[in-house]
Amino acid sequence: MGAMPFCAAFGCASVHKKGCGVSFFSFPKDSARRKRWTIFCRRDKFVPENHSRLCSKHFSTDQLERDPNVLERLGYVNARIKLKGDAIPDVPLRVQAAPLVLPPKTRGAFAKRNKPYLLHEALQEVELRNGNDATPVTIHHDGEAPPNSEPKTAVEVPEPEDPPVSSSQTCTTLTKKCQASITVPQRTRRIQVSMTDKNCITVSKGVQCSSLFDGVSLREAAGLVPLAEPKQEANQFILDEDTQSDVEEDEDQADSDYDPFEEEDEESDEEDQVYENGIPLRTAVHPEEERQFLVAESCLAKLLEKCGICGSPCMSSLNFTRGTMVGTRSQCTCGHVCEWESQQCLNGMPWSNIFVAGAIVFSGSNAAKCLRLFQHLKLQMMSTSTFSRIQSAYVIPSCIFTWDYHLETLLQEYQGQRLTLGGDARCDSPGYSAKYGSYTLMDLETGKILDFQLVQSNEVKSSVHMQLEGLKRGIQQLVDAGLQIDNIITDRHGMVRKFMRTEHPDKHHYFDVWHVAKGISKKLEAASKKRDCADIRPWIKSSVNHCYWVAASCGEDGYLKEQKWSSLTEHVTNKHEHCEHGVLEEDRLWIKEGSRAHKLFRDVVDSNYLMRDIPKLSPLHQTYGLEVYHSVVNSFAPKNTHFFYPAMMARLCVAALHFNENGSHHTAMTRAGAAKWQICYPKDKREYIDILRINLVERRRQFPSYQTAGQDADRLLGYQPPSLTSKWEPYNKDQLVATRRSRFARQ
């Protein structure tokens with residue numbers, strides 16, 4: 001009877017026993033995977049044999065074909081665990097490592113001036129190490145020695161059995177051998193406040209805008225269950241908060257003696273970022289948090305020119321390419337073969353393929369131009385067809401899911417409130433040939449987008465009716481969500497006006513003053529170009545200002561608005577009987593009463609169509625925020641680029657997320673309650689991009705194939721209008737070619 005199998009991993013005590021609940025797997029026969037399994041075991045000169053095994057404790061559920069927890073919930077208790085065909089151990093070993101003490105951080109210009117002195121002291125310390133001098137040196141908690149003591153720079157890692165150093169005392173006595181102490185955390189240039197209060201929420205002075213989900217983790221904000229952080233290997237360390245802040249920012253200005261106008265050395269390159277303490281490269285990291293680098297072909301060949309096993313020269317070659325991923329094969333003179341891949345994959349798809357496709361949509365870029373840019377850069381990249389498949393199966397559903405979850409959270413905050421909404425439409429092309437029309441409803445109190453509806457022209461009678469259809473869907477969507485709409489401000493669209501009057505008489509419908517004033521300005525400008533009507537031009541701006549004053553000064557009194565507006569026809573002729581300002585003595589270019597210019601001016605101001613709309617001018621809220629939002633949409637979905645319906649919907653979702661996160665800016669306040677002001681050039685926040693990337697990764701994990709992902713994408717997108725050419729019968733190509741005629745054809 002043979003011995004019981006045990007786990008070959010270093011430090012693992014798992015032994016195969018009946019009912020132990022641990023499975024054991026043989027080493028793979030594939031040389032590349034077998035080598036990775038062997039390296040994972042961390043045993044010196046270990047060569048796996050036929051009886052060598054690895055237990056299931058070192059494999060996460062991502063490496064299993066079936067999740068045992070799910071099988072147990074379904075009733076399959078103690079079901080057999082089976083690894084995937086390309087499974088590798090990914091749960092790091094728990095190996096005890098000696099504690100790492102970081103050297104004290106240096107400070108920019110101060111370190112440069114003291115560098116020769118510190119080197120001299122370090123050399124002296126090396127010479128004295130052979131002795132047994134234990135003269136005590138007192139180190140204060142401000143991180144510096146007393147003036148009468150000599151600075152010491154030597155740092156020695158304490159033994160594991162040494163007692164921990166207490167930081168609660170006012171000072172600590174250390175020997176010459178150990179010149180390290182626990183100092184009070186210092187404030188960095190990024191955090192200039194005391195962080196003793198854990199409940200205090202600080203706002204960065206550089207970017208004063210609110211996040212979509214303040215105080216919530218990104219995965220919770222994305223509507224997903226938080227994942228456990230990947231465990232770092234024993235030979236890696238994580239920088240503390242102060243160190244991370246210092247390596248990200250220029251530390252020269254933190255020194256009290258730093259002169260911002262002092263010239264730098266001529267050899268310095270301000271674009272180089274040198275990290276004194278170094279930033280460790282991580283092996284265990286979530287795909288959406290992983291950093292990407294551009295590596296040249298010659299540098300990659302130089303990296304692979306030595307064998308990782310024996311150090312002999314290697315002959316490296318490109319083994320395969322898969323979209324953004326490359327694989328190499330290196331063979332040394334001793335016969336060792338090493339295969340290397342540039343990135344991780346999930347079921348054969350490189351993660352960067354998904355991230356590049358997502359980045360193109362999330363940034364509002366043109367896919368064809370981006371892929372052409374990568375081609376000119378000679379950068380290994382996926383094809384256009386691959387981008388289209390990834391966009392349809394993963395990117396678009398992730399955008400829609402993120403917006404739906406954000407909208408659901410946002411609408412819950414508005415329950416029980418009486419809302420004042422602004423509505424406006426945007427077409428994807430000017431004129432009457434638009435294919436898409438999107439109608440947006442915004443809360444004018446907070447400036448948040450509450451809903452948008454995308455309408456295709458073949459869903460209604462013509463492109464003119466898309467605005468009314470979008471408003472109907474939007475109001476119904478908010479009413480179904482339980483929101484109470486009190487006021488709504490739109491433009492003077494005739495269909496919208498009739499719809500609100502007949503279908504929603506309980507809601508106050510107002511007109512945006514800017515739209516009314518713009519129409520008045522255009523008509524007066526056209527009238528001033530006619531013969532003997534040049535006197536109208538100086539009064540165009542005054543008429544527009546008068547329109548705003550009428551709306552703001554009359555409240556909801558429609559009759560008073562009519563009277564104030566109609567007094568403008570007498571005001572321009574220097575008659576002020578009905579004006580509040582009384583008699584004016586200033587010399588202006590008045591319009592002569594009864595002249596042709598005065599007649600045309602009065603036709604515009606006193607027109608029946610305009611006088612009917614003047615009482616409905618909005619007294620307080622306007623829809624200029626929607627015009628700003630439409631400019632944001634233009635950056636994500638330009639009018640000069642055609643998008644299919646799903647892609648257009650996804651880009652509108654990203655634009656709405658971008659606007660809701662960056663639309664409302666908050667001003668930082670001092671402790672006294674005064675506003676802080678600083679001359680800066682802040683850019684918009686992109687925290688919603690992290691949420692989109694998380695949902696993109698999660699969707700790939702849920703649907704590992706294009707077929708299942710595409711089916712779920714159709715379900716998530718819901719109804720899609722048929723294409724504009726669906727009502728036309730297809731033509732026979734051969735018949736069209738046969739009947740083609742050209743004016744340049746020779747008979």
Working to the nearest 0.5 Å, report the span between [atom1] of [X] and [atom2] of [Y].
{"X": "Arg651", "Y": "Ile396", "atom1": "CZ", "atom2": "CD1", "value": "9.0 Å"}
{"X": "Trp351", "Y": "Cys345", "atom1": "CH2", "atom2": "SG", "value": "10.0 Å"}
{"X": "Ile694", "Y": "Ser398", "atom1": "CD1", "atom2": "OG", "value": "11.5 Å"}
{"X": "Ile691", "Y": "Thr402", "atom1": "CD1", "atom2": "OG1", "value": "7.5 Å"}
{"X": "Thr384", "Y": "Gln375", "atom1": "OG1", "atom2": "CD", "value": "9.0 Å"}
{"X": "Phe25", "Y": "Lys82", "atom1": "CZ", "atom2": "NZ", "value": "11.0 Å"}

Taking ring-ring contact (aromatic ring centres under 6.0 Å, His included) as the test, write out the residues that go with [X], two or more places apart.
{"X": "Phe6", "answer": "none"}
{"X": "Phe703", "answer": "none"}
{"X": "Phe387", "answer": "none"}
{"X": "His51", "answer": "none"}

Walk me through whether Leu692 and Leu657 qualify under side-chain contact (heavy atoms from CB on, under 4.5 Å).
CA-CA 10 Å; Leu692 288 170; Leu657 289 170; 4.2 Å; yes
Restricting to pairs with a member in residues 27-38, which pass side chain to side chain donor-acceptor pair (under 3.5 Å), not counting sequence neighbours?
none
Keeping [X] on the side-chain end and [Y] on the backbone end, is there a donor-acceptor pair under 3.5 Å?
{"X": "Ser635", "Y": "Val632", "value": "yes"}
{"X": "Thr386", "Y": "Met382", "value": "no"}
{"X": "Ser365", "Y": "Val361", "value": "no"}
{"X": "Ser52", "Y": "Glu49", "value": "yes"}

Grab the two heavy atoms, one from [X] and one from [Y], that are nearest each other, plus how far apart they are.
{"X": "Val91", "Y": "Phe40", "result": "O-CZ, 3.1 Å"}
{"X": "Cys41", "Y": "Phe46", "result": "SG-CE2, 4.1 Å"}
{"X": "Ala713", "Y": "Ser392", "result": "CB-O, 3.5 Å"}
{"X": "Cys55", "Y": "Phe24", "result": "CB-CE2, 3.9 Å"}
{"X": "Lys306", "Y": "Gly311", "result": "CD-O, 3.7 Å"}
{"X": "Arg42", "Y": "Phe10", "result": "O-CB, 3.5 Å"}

Under the criterion side-chain contact (heavy atoms from CB on, under 4.5 Å), which of Ile354, Ile390, Ile360 is the partner of Val395?
Ile390
Between Arg699 and Asp712 (salt bridge meaning N to carboxylate O under 4.0 Å), is one present in this structure?
yes
For a side-chain contact (heavy atoms from CB on, under 4.5 Å) check, start with the C-alpha distance between Leu696 and Glu288, then their side-chain angles and the critical distance, and finish with the verdict.
CA-CA 9 Å; Leu696 190 60; Glu288 65 272 12; over 6 Å; no
Can you find a heavy atom in the side chain of [X] that is under 4.5 Å from one in the side chain of [Y]?
{"X": "Pro287", "Y": "Phe355", "value": "yes"}
{"X": "His336", "Y": "Gln331", "value": "no"}
{"X": "His58", "Y": "Cys7", "value": "yes"}

Taking only residues two or more places apart in sequence or in another chain, which ones pass side chain to side chain contact (heavy atoms under 4.5 Å, CB included) with [X]?
{"X": "Ser705", "value": "Gln707, Thr708"}
{"X": "Ala393", "value": "Tyr706, Ala709"}
{"X": "Gln63", "value": "Phe59, Ser60, Ala87, Ile88, Asp90"}
{"X": "Leu373", "value": "none"}

Would you call the rings of His642 and Phe644 parallel, tilted or perpendicular, where under 30° means parallel and over 60° means perpendicular?
perpendicular
With a 3.5 Å cut-off and no angle check, do the side chains of Ser14 and Lys57 form a donor-acceptor pair?
yes
Which donor-acceptor pairs under 3.5 Å do side chains of residues 290-303 form with protein atoms, sequence neighbours excluded?
unit_1 : atom_1 : unit_2 : atom_2 : d
Gln292 : OE1    : Ser352 : OG     : 3.4

Salt bridge (charged side-chain N to carboxylate O under 4.0 Å, His left out) partners for Arg53, two or more places apart
none
Atom pairs and distances, donor-acceptor, side-chain atoms in residues 313-329, under 3.5 Å, two or more places apart:
unit_1 : atom_1 : unit_2 : atom_2 : d
Ser316 : OG     : Leu304 : O      : 3.1
Ser316 : OG     : Ser330 : OG     : 2.8
Arg322 : NH1    : Gly348 : O      : 3.2
Thr324 : OG1    : Gln343 : NE2    : 3.2
Thr324 : OG1    : Asn353 : N      : 3.4
Thr324 : OG1    : Asn353 : OD1    : 2.7

